[in-house]
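The analysis underlying the following values was restricted to heavy atoms, covering all of them including side chains, and did not include hydrogens, waters or symmetry mates. In this text the structure is predicted, and so the values were computed from the model without any measurement. In what follows, residues are counted from 1 in the order of the sequence shown.
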Amino acid sequence: MPALLMHGIATAQSGDPSLAAADCVIPAKAGGGFDLTCTLARDALQAVRPSRPPLGQRYLPGGIGAVAFDRIATGQLGGAGMLVAFSSGSLLNLAQGRFGPHPPSAVRWIATLGTDYGVIAVHRDSPYKRLQDLVAALRQDPSRMTFGAGGTVGSQDWVKAALLVRAAGRDHKAMRFVSFEGGGDALGALQGKHVDVFPGDAAEALQAIAGGAAVRLLAVLSEARLGGALTGVPTAREQGVDIVWPTVRGLYLSANVPDAAARAWTAAFAEATAAPGYAALRERRSLYPFALTGAALDDYVQARIKTYQALADELGLRRWKP
């Protein structure tokens, strides 16, 4: 951590941080959506800033982003050369006060790179062939199967599972949920048949399938069918379950960096996401278009946090106020 902190300070003093050596913090273990976000950020920046050093990748797991957010917000970690990956799940946790006594303004929201969508997945050998099969089993007894995904009670993957159990007409508090430090570990548990259902995200599931994982996708939690590798996967809505869960992926920075540094990063990612080759880079990570920067991103964050606070109250989740 001291080395990371000094690196951030040195970068802040070097001028335009989007041209200098910098790191992207992955606030979870390898193999999940945060990992994917930082890899995409690195490649997208390199495409429009070919002479800059490649964006470094740093792992800082803990609370699915809570440790990283707290260290950035308190100044233990930061500087103009230290970006951190976030997702809609980060905003959900922030809305519940699970990232410590910090408001959304404790960081600078730099850019979104695209959106993922939730999926409901099982092992390829699972007896559940369709989402309706899973819902029917949950209707009989929600405790008969184990959900496993990144995050703890109240996290976005837990919420997907809770909404699915409720759609089956049962109390979500009766479900069994095993927490993992990121989607990569959860998919490994599904592969080993240690859990029955993975209520995760499409991009990380497709990444695992591409690597040979024996995973079957029962549904994607999008408004309409998606293209690419998900062309043949029906939505939950098509199967009579009204659950939609987009997972936006992006980056934030310490709120203590100079305004000029924040503007430089915002401009760099606005240019990167508008570049002709960006769509191919994004699609390679199984993400869909959703690029925001500046005031539009700040407004989006505030709106989503209000929505997530209402959802937390609806599900009976405790909220800690900053």
Side-chain angles (χ1 to χ4, degrees), residues 17-61 64-65 68 81-91 107-119 150 156 182-184 187 200-211 220 222 226-230 246-253 264-294 296-297 300-301:
S18 69
L19 298 174
D23 289 318
C24 186
V25 174
I26 300 161
K29 291 184 178 180
F34 291 136
D35 203 338
L36 178 152
T37 302
C38 282
T39 302
L40 176 57
R42 179 196 64 200
D43 294 349
L45 272 182
Q46 212 63 38
V48 295
R49 305 274 198 278
S51 61
R52 61 157 285 116
L55 193 65
Q57 314 286 288
R58 304 276 184 170
Y59 292 94
L60 182 57
I64 313 297
M82 193 67 60
L83 297 159
V84 185
F86 80 90
S87 72
S88 296
S90 309
L91 302 182
V107 301
R108 290 179 184 262
W109 306 97
I110 296 300
T112 57
L113 304 181
T115 187
D116 198 354
Y117 287 93
V119 291
Q156 68 168 350
L187 282 161
D201 290 315
E204 55 192 3
L206 289 173
Q207 183 174 273
I209 291 170
V220 60
S222 55
L226 302 174
L230 294 171
T247 303
V248 171
R249 302 203 175 279
L251 302 159
Y252 67 80
L253 192 67
W265 278 121
T266 297
F269 281 106
E271 180 186 356
T273 54
Y278 181 71
L281 290 175
R282 174 178 42 71
E283 289 166 8
R284 196 177 302 160
R285 274 83 184 181
S286 301
L287 296 182
Y288 295 84
F290 195 87
L292 292 178
T293 57
L297 176 53
Y300 173 81
V301 168

Separation of [Y] [atom2] from [X] [atom1] (nearest 0.5 Å):
X      : Y      : atom1 : atom2 : answer
Leu287 : Asp201 : CG    : CG    : 9.5 Å
Leu113 : Ser87  : CG    : OG    : 12.0 Å
Leu187 : Gln207 : CG    : CD    : 9.0 Å
Phe290 : Arg249 : CZ    : CZ    : 13.5 Å
Leu251 : Arg108 : CG    : CZ    : 15.0 Å
Ser18  : Arg52  : OG    : CZ    : 7.0 Å

Using a 3.5 Å distance criterion without hydrogens, assess whether the side chain of [X] forms a donor-acceptor pair with backbone atoms of [Y].
X      : Y      : value
Tyr288 : Gly227 : yes
Gln57  : Leu55  : yes
Thr37  : Gly250 : no

Are any non-hydrogen side-chain atoms of [X] and [Y] less than 4.5 angstrom apart?
X      : Y      : result
Arg49  : Leu19  : yes
Phe34  : Val25  : no
Tyr252 : Leu83  : no
Arg282 : Pro289 : yes
Val84  : Leu253 : no
Tyr117 : Val119 : no
Ile110 : Thr293 : no

Considering all heavy atoms of both residues, which atom of [X] and which atom of [Y] are nearest to each other, and what is their separation?
X      : Y      : result
Ala275 : Val48  : CB-CG1, 3.8 Å
Ala268 : Leu45  : CB-CD2, 3.9 Å
Asp35  : Ala30  : OD2-CA, 3.5 Å
Pro246 : Ser88  : O-OG, 3.6 Å
Thr247 : Gly118 : OG1-N, 4.4 Å
Ala85  : Cys38  : CB-SG, 4.0 Å

Margin query: Please evaluate residues Asp43 and Arg285 with respect to the criterion salt bridge (charged side-chain N to carboxylate O under 4.0 Å, His left out), reporting the C-alpha separation (whole Å), side-chain torsions for both, the decisive distance (0.1 Å), and the verdict.
Written below: CA-CA 11 Å; Asp43 294 349; Arg285 274 83 184 181; 2.3 Å; yes
Next item on the list: Check the pair Leu91 / Val301 against side chain to side chain contact (heavy atoms under 4.5 Å, CB included), numbers first and verdict last.
Entry: CA-CA 7 Å; Leu91 302 182; Val301 168; 4.0 Å; yes
Margin query: Quick check on the 6.0 Å ring-centre criterion: do Tyr300 and Trp109 meet it?
Written below: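 No, ring centres 6.0 Å or more apart.
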Next item on the list: Run the numbers on Cys24 and Arg58 for side chain to side chain contact (heavy atoms under 4.5 Å, CB included), then give the verdict.
Entry: CA-CA 6 Å; Cys24 186; Arg58 304 276 184 170; over 6 Å; no
